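The block underneath contains the structure these notes are about, expressed in structure tokens.
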Amino acid sequence: MIKFLDIQKINAPYETAFQQKLQSIMDKGWYILGDEVKAFENNFANYCGTKYCIGVGNGLDALSLIFKACIQLGKMSKGDEVIVPANTYIASILGILQADLVPVLVEPDAATYNLNPQLIQQKITPKTKAIMAVHLYGQLADMNAVNAVAKANNLFVIEDAAQAHGAENTEGVKAGNLSYAAGFSFYPGKNLGTLGDAGAVTTNDTELARMVNLLRNYGSEVKYHCDYAGTNSRLDELQAAFLNVKLPNLDAENKARKVIANHYFTNISNPKITLPEYNGGNHHVFHLFVIQTKNRGELQQFLLENGIETLIHYPIAPHKQKALPQFNDLSFPVTEKIHEEILSIPISPVMTIDEADFVVKILNRF
Ligand SMILES: *Cc1c(COP(=O)(O)O)cnc(C)c1O
């Protein structure tokens, strides 16, 4: 059986180091916002190339705290609009809604699955304050184009970088440092994943960093003195410790993912299967390898019969979700086609070439 993602195998090499971190936290007796969180915030800011990183509870909170901080700072107001790709994971949209802002969905580019910069302008109204670019499946959105539209219209750009840790543009600028502020998730299955929930905000803006830092911890700078109605979304000390162990290997793990991806690109030759658009380079860290086919149900079944696990990211478009009735009557044909045809095949830093070969063989036989 080839698992979709063998997370135990991914974390096994770190076990001893994790145990040492747990022991050291037990010895210190400091469990919340301690040295490990501070160290991770420094390490991850350095890694991304940003001035600031603020550790938070999860990826969704990272996004919503960016918007809530913008509101506290007077940069946005409740009811303002944020443009976001219609085919994203629902968390991108919930992050906007949780700050009482209004998501405005826009069709993605059918080949890259990322925001189509050409469609942004027509969605801009006097209420538009921001564009959220999602680096979906690990591939950077076209940030030069997105930032150009934003600049021309005086809008903020926010990155949802939850799937793109370490992706970089041709100048070597990394995800998280390509916009005003970015939200990351360290959910176990992400490229940088921990043993529970965790997230972070990266930014170069001092004011925003300070406000997110306050809001994640009850809006309080001095203990028990609350200046803002914040929330509790602190990065857990133990998770930060685990992330400090794993961060130094992120680039190597992303490289290992790319070896598998390249193997797929070179060897999958079934005309019934469309491969993702990718022209080499480090702007894709292959969080997922998403293929497309008109016969998705059959293909998924055929792979399963041959011992290959697959998943669908995501089976239901956000505008079709029961949780978002305000969008249910809208029509996004590109998005809907994507959601009907996509299939994520196994990829991970611990997958072997033999396993990838087997996946290729079965795909080509379909
Ligand atoms: C995982 C993910 C999130 C949310 O992260 P959590 O840590 O699960 O809250 C947000 N956006 C995208 C694109 C994601 O993949």
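In this chain, numbering begins with 1 at the start of the sequence shown. In what follows, every heavy atom counts, from backbone to side chain, and hydrogens, waters and symmetry copies are set aside. Note that this is a predicted model, so its numbers are computed, not measured. For ligands, and for the atoms within them, numbers begin at 1 and follow the listed sequence.
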query = Hey, are E15 and N11 close enough side-chain-wise for a donor-acceptor pair under 3.5 Å?
reply = no
ask   = With the threshold set at 4.0 Å, does a side-chain nitrogen-carboxylate oxygen contact exist between E81 and K123?
value = no
Tabulated below should be the N or O atoms of ligand 1 paired with protein N or O atoms at under 3.5 Å; can you produce that?
from: ligand 1; atom 1: 5 (O); to: S185; atom 2: OG; distance (Å): 3.2
from: ligand 1; atom 1: 7 (O); to: G59; atom 2: N; distance (Å): 2.8
from: ligand 1; atom 1: 7 (O); to: S185; atom 2: OG; distance (Å): 2.7
from: ligand 1; atom 1: 9 (O); to: G59; atom 2: N; distance (Å): 3.3
from: ligand 1; atom 1: 9 (O); to: L60; atom 2: N; distance (Å): 2.9
from: ligand 1; atom 1: 11 (N); to: D160; atom 2: OD1; distance (Å): 3.2
from: ligand 1; atom 1: 11 (N); to: D160; atom 2: OD2; distance (Å): 2.7
from: ligand 1; atom 1: 15 (O); to: Q163; atom 2: NE2; distance (Å): 2.8
from: ligand 1; atom 1: 15 (O); to: K190; atom 2: NZ; distance (Å): 2.6

task = Taking the side chain as every heavy atom from C-beta outward, state whether L60 and Q98 have any pair of such atoms under 4.5 Å apart.
result = yes
key: Any residue meeting side-chain hydrogen bond (donor to acceptor under 3.5 Å, both in side chains) with T206, in chain and number order, not counting sequence neighbours   = Y52
Side chains of residues 83-90: which donor-acceptor pairs under 3.5 Å do they make with residues two or more places apart or in other chains?
from: N87; atom 1: ND2; to: Y113; atom 2: O; distance (Å): 2.9
from: T88; atom 1: OG1; to: S92; atom 2: OG; distance (Å): 2.6

ask   = Which pairs pass side chain to side chain donor-acceptor pair (under 3.5 Å) with one or both residues in residues 336-345, sequence neighbours excluded?
value = Q292-E341, K294-E341, H313-S344, H319-E336, K337-E341
